[in-house]
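Below is one structure, written out as structure tokens; the observations come after it.
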Amino acid sequence: MTYKKGFATLAVHAGETPDKITGASSPNLVMSSTYVTDPDVSFSAEDFGENTPYIYTRWGNPTITQLEQKLAELEGAEAAIAFASGMAASTGLLLQFLKPGDHLVISDVSYAGVAEFAKDYLPARGIEVSRVDLSQPENLRQALRPTTRLVYAETPANPILKLTDIAAVAAIAHAAGARLIVDSTFATPVATRPLELGADFVVHSLTKYIGGHGDAIGGAVLGKVAELAVLRKEVGIHLGGIISPFNAWLIMRGLATLPLRMRAHEENALSVARWLEGHPRVARVIYPGLASHPQAELARRQMKNFSGMISFQVKGAGEILARTFAERLEVIHYAVSLGHHRSLIFYLATQDMLRTSFTLTSAQEATYREFAGDGIFRFSVGLEDAADLIRDLEVALT
């Protein structure tokens, strides 16, 4: 009799089996770049398929395979491909499924690397790109063209935590013959499973919450077997942006505690967000778990966990306070990135963020500034005691 295992059980066991020779309980770290194989095996990517044995680690590796299987189980996907970074996953996916003359719709708030790639790289190669506020699904309907092939959403969006209604946007995209990509890095499979809501592909930066410890870089694309088989051959094998087995092993180890860590991240973030809302120097706090979030209803409907990311505005000169934070904070590290076990904070000036992205209409810039003001602190709340994080902030703000 088979039954569906729980998420926490899958986080520990999916993709892993004890070693048949040694009985080792933990997954092996296979660092070999090449494998002894049959002389009849073809070394051409054109012949690569499901039953191709391990030949060369750019094609496949036992440790990476285990990570991919675990990710697919947790995300409810048919398959997963692990890449060297989140950027490699996102750009590889866009390059594979867009060609000159195609049209891409991308969220007006996206990770800066992806936004810059869509702004500069793709148009230079004949791909049209429209930046759209996907927090209002009807905006997508108006932006669609006969040549629209992909819609790229990020929810919650980095760094201002704006949300996209995945089910609504997926329905609109599919009615126009386009496919939906969702970057779910901030949410993780603990909070949201976009494929179940209608997305065609899910992207993760494994460097963040999924790895969870700030010691390994990786990325992943999840979706249907047939489409990912093409992606693996054309992008993984030919472009070569594959993850190292050691990083895959580290990330797989981090995944085992993902459900526990996300509960703790959420609990800490909610405590800190509520404290920040009551501080006289704080102008605004943006956190999906707060009733004050502009899309609180959508957050409750779409997210089973509100994650550990907070953005907040401070009254007065944010850039000056950023220097104070860098000098005075003791528990919280003043650093980029997010989703690690330790807390990280970084100041993002709105004007700098706007410069790295598309030219905005006045209405789009006004919407952005409504969320971000002149600049925001992006706070990745870690696993320390919430009281210590609050005390650290209180000293620095004073």
Side-chain angles (χ1 to χ4, degrees), residues 106-116 118-119 131 133-135 154-163 183 185-186 205 208 269 272-290 292-295 306-329 331-340 342-382 389-390 392-398:
I106 186 169
S107 172
D108 66 334
V109 181
S110 301
Y111 173 64
V114 174
E116 290 166 357
K119 170 179 174 280
R131 181 180 180 180
D133 179 3
L134 295 179
S135 67
E154 183 177 324
T155 183
N158 184 3
I160 63 174
L161 306 178
K162 190 162 60 169
L163 308 180
D183 182 336
T185 296
F186 276 29
S205 171
K208 313 302 192 298
V272 172
R274 285 171 173 161
W275 179 83
L276 284 168
E277 273 201 316
H279 196 282
R281 289 197 66 185
V282 176
R284 185 177 186 186
V285 180
I286 309 167
Y287 180 64
L290 291 176
S292 58
H293 192 284
Q295 298 166 285
F306 297 124
S307 193
M309 296 305 302
I310 300 172
S311 290
F312 63 96
Q313 303 167 23
V314 176
K315 298 170 185 175
E319 292 180 1
I320 295 173
L321 184 59
R323 186 169 296 279
T324 302
F325 275 9
E327 293 170 353
R328 290 191 183 179
L329 291 173
V331 177
I332 303 163
H333 287 189
Y334 189 84
V336 297
S337 202
L338 56 102
H340 302 170
R342 58 178 60 87
S343 292
L344 308 172
I345 199 166
F346 199 78
Y347 181 72
L348 300 161
T350 295
Q351 204 55 45
D352 291 342
M353 290 186 280
L354 295 177
R355 277 201 298 269
T356 64
S357 200
F358 295 77
T359 301
L360 298 181
T361 65
S362 57
Q364 286 175 321
E365 182 167 342
T367 300
Y368 197 96
R369 288 190 182 279
E370 182 186 346
F371 273 85
D374 292 329
I376 57 172
F377 286 93
R378 188 185 68 183
F379 186 16
S380 174
V381 181
L389 298 176
I390 290 169
D392 213 20
L393 288 170
E394 187 170 26
V395 170
L397 284 167
T398 304

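Reckoned from all heavy atoms, side chains included, excluding hydrogens, waters and symmetry mates.
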*Can you measure from CD1 (I332) to CD1 (I390) and round to the nearest 0.5 angstrom?*
9.5 Å
*Side chains of V285 and H279: does their closest heavy-atom pair fall under 4.5 Å?*
no
_Non-hydrogen atoms of S205 and T185 that approach each other most closely_ = N-OG1, 2.9 Å
*Does the distance from a Lys or Arg side-chain N to an Asp or Glu carboxylate O, for D392 and R328, drop under 4.0 Å?*
no
_If I take atom OH from residue Y287 and atom CE from residue M309, how far apart are they, to the nearest 0.5 angstrom?_
10.5 Å
_Side chains of F186 and L338 in contact at under 4.5 Å (non-hydrogen atoms)_ = yes
*What closest approach, in Å, do G308 and A269 show between heavy atoms, and which atom pair accounts for it?*
CA-CB, 3.7 Å
*Closest heavy-atom pair and its distance - Y334, A322*: OH-CB, 3.5 Å
*Out of curiosity, L276 CG to R284 CZ, how far, rounded to the nearest 0.5 Å?*
14.0 Å
*Find the distance between CZ (F377) and CD1 (I286) and round it off to the nearest 0.5 Å.*
13.0 Å
*Step by step, would you call S292 with E277 a side chain to side chain donor-acceptor pair (under 3.5 Å)?*
CA-CA 9 Å; S292 58; E277 273 201 316; 2.6 Å; yes
_H293 side chain vs L161 backbone, donor-acceptor pair below 3.5 Å_ = yes
*side-chain contact (heavy atoms from CB on, under 4.5 Å) between Q295 and S135: does it pass, once the steps are laid out?*
CA-CA 9 Å; Q295 298 166 285; S135 67; 3.5 Å; yes
*Return the minimal non-hydrogen interatomic distance between K315 and P280, and the atom names on each side.*
NZ-O, 3.0 Å
*asked:* Tell me whether the count of non-hydrogen atoms from other residues, nucleotides or ligands lying under 6.0 Å of CZ in F325 goes above 12.
replied: yes
*asked:* Rounded to the nearest 0.5 Å, what separates atom CD1 in I160 from atom CD in Q313?
replied: 10.0 Å
*Does any non-hydrogen side-chain atom of D183 lie less than 4.5 Å from one of S107?*
no
*Can you see which heavy atom on Y111 is nearest to which on E154, and at what distance?*
N-OE1, 2.8 Å
*Would you indicate whether the side-chain heavy atoms of R378 and F312 approach each other to under 4.5 Å?*
no
_For I376, is there any backbone N or O sitting under 3.5 Å from a side-chain donor or acceptor partner on S311?_
no
*State the CG-OG1 distance between L134 and T155, to the nearest 0.5 angstrom.*
9.5 Å
_Checking the side chain of T324 only, and the main-chain atoms of I320 only, is there a donor and an acceptor separated by less than 3.5 Å?_
yes
_Is any side-chain heavy atom of L344 closer than 4.5 Å to one of V336?_
no
*Where do S380 and H340 land on the side-chain contact (heavy atoms from CB on, under 4.5 Å) test, with the steps shown first?*
CA-CA 8 Å; S380 174; H340 302 170; 5.9 Å; no
_Please determine whether side-chain contact (heavy atoms from CB on, under 4.5 Å) holds for the pair R323 and L321, giving the CA-CA distance in whole Å, both sets of side-chain angles, and the decisive distance to 0.1 Å._
CA-CA 5 Å; R323 186 169 296 279; L321 184 59; over 6 Å; no
*Hey, are the side chains of K208 and S337 touching, using non-hydrogen atoms and a 4.5 Å cut-off?*
yes
*Take L393 and F379 through the side-chain contact (heavy atoms from CB on, under 4.5 Å) test and state the conclusion after the steps.*
CA-CA 11 Å; L393 288 170; F379 186 16; 3.7 Å; yes
